[in-house]
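Single-structure report; data block below.
Quick note: numbers below take in every heavy atom, side chains included, and nothing from hydrogens, waters or symmetry partners.
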Amino acid sequence: MAAETHLFVCLQDNFGVLVHDKASGATAAIDAPEAAPVEAALNQTGWKLSDILVTHHHGDHTGGIAQLKQHHRCRVVAPRNEAQRIPAVDETVREGDVVKVGGLSARVLETPGHTAGHIAYWFEADSLAFVGDTLFSIGCGRVIEGTPEMMWQSLLKLRKLPGDTRLYCGHEYTQSNIRFAQTIEPDNLALIARAAEAAEQTAKHKPTIPTTMDAEKAANPFLRADLPEVAAAIGMAGKPAAQVFGELRERKNNF
Ligand SMILES: [Zn+2]
């Protein structure tokens with residue numbers, strides 16, 4: 001049976017999301033920015049929290065873990081390389097590990113760059129991926145603990161996911177990301193269409209995610225750093241993709 005999801009807002013612009021396996025009743029929270037919105041989402045859905053799957057150690061992804069664990073006795077799964085910076089961890093995972101949520105299965109993908117141990121959870125059978133702060137809709141996370149080369153490799157790893165994979169990211173940054181992307185590729189038709197779609201979603205107070213990998217490959221400049229037209233657009237024709245990516249990220253930091 002397919003996974004069900006429930007998306008909601010936490011803090012200012014963080015996303016919380018629940019993944020539910022109807023057959024077993026298991027429910028995972030992907031990250032836990034704060035406890036109260038997760039509790040509200042559980043009340044609204046009637047689901048019972050069995051697991052918290054953590055993408056990385058930042059406080060706006062982990063602030064609710066201790067309180068939720070105390071209340072629900074749920075299992076906390078976290079990336080091995082930064083588990084010591086995450087509260088109440090029960091199980092650590094690394095590249096290639098499989099995490100079960102009831103009858104659902106997620107494969108762990110290590111995507112370092114934003115943080116050194118950042119991971120994503122790919123529910124292949126459900127065409128779902130939770131990419132934390134590595135990839136955003138039309139953007140990507142800041143390279144805080146890694147190098148541009150490392151982050152570019154992480155994005156390439158995610159880019160290999162099937163095109164119809166629905167992507168859930170950690171923040172609602174789509175509108176700002178689109179404004180930046182349009183400075184790089186103003187004539188990109190997929191980006192123009194995405195801008196209209198996101199404006200409509202935002203006007204209706206709806207989230208702009210999930211997005212899909214196909215949609216991101218068509219319009220997200222950070223996944224397109226190896227295309228000649230993107231390199232040329234920033235005066236870096238012929239330069240290595242990781243360098244082009246690094247320059248794009250630098251420009252976004254100052255945007
Ligand atoms: Zn973060």
How long is the straight-line distance from [atom2] of [Y] back to [atom1] of [X], given to the nearest 0.5 Å?
X      : Y      : atom1 : atom2 : answer
Asp226 : Arg159 : CG    : CZ    : 4.0 Å
Asn81  : Ile119 : CG    : CD1   : 9.5 Å
His71  : Leu68  : NE2   : CG    : 9.0 Å

Checking side-chain polar atoms at under 3.5 Å, does [X] have a donor or acceptor matched by the opposite partner on [Y]?
X      : Y      : answer
His72  : Glu39  : yes
Thr62  : Arg85  : no
Glu124 : Ser105 : no
Arg249 : Asn253 : yes

Q: Taking the six-membered ring for Trp and the full ring for Phe, Tyr or His, determine whether the centres of Phe130 and Tyr121 are under 6.0 Å apart.
A: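 No - the distance between ring centres of Phe130 and Tyr121 does not fall below the 6.0 Å cut-off.
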Q. Is the count of non-hydrogen atoms from other residues, nucleotides or ligands lying under 6.0 Å from Gln67 atom CD greater than 12?
A.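 Open: at most 12 neighbouring heavy atoms sit under 6.0 Å from CD of Gln67.
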Look only at the side chain of [X] and the backbone of [Y], and say whether a donor-acceptor pair between them is shorter than 3.5 Å.
X      : Y      : result
Thr115 : Glu145 : no
Glu110 : Glu95  : yes
Arg166 : Asp126 : yes

Q: Please work out whether the ring planes of Phe180 and Phe222 are parallel, tilted or perpendicular, with thresholds of 30° and 60°.
A: parallel
Q. Where does the angle between the aromatic ring planes of His56 and His61 fall among parallel (under 30°), tilted (30 to 60°) and perpendicular (over 60°)?
A.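 It falls in the tilted class, 30° to 60°.
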Q.
Strictly below 4.0 Å, N to O, side chains only: are Lys69 and Asp90 in salt-bridge contact?
A.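 Yes, this pair counts.
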(Q) Less than 4.0 angstrom from a charged side-chain N to a carboxylate O is my criterion; do Lys239 and Glu247 meet it? (A)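 Between Glu247 and Lys239 there is no salt bridge, as every charged N stays at least 4.0 Å from the carboxylate O atoms.
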Q: Taking all non-hydrogen atoms of both residues into account, name the closest pair between Thr55 and Pro79 and its distance.
A: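 The answer is O-CG, 3.7 Å.
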Q) Pick one: which of Asp51, Thr27, Val19, Val77 meets side chain to side chain contact (heavy atoms under 4.5 Å, CB included) with Val101? A) Asp51
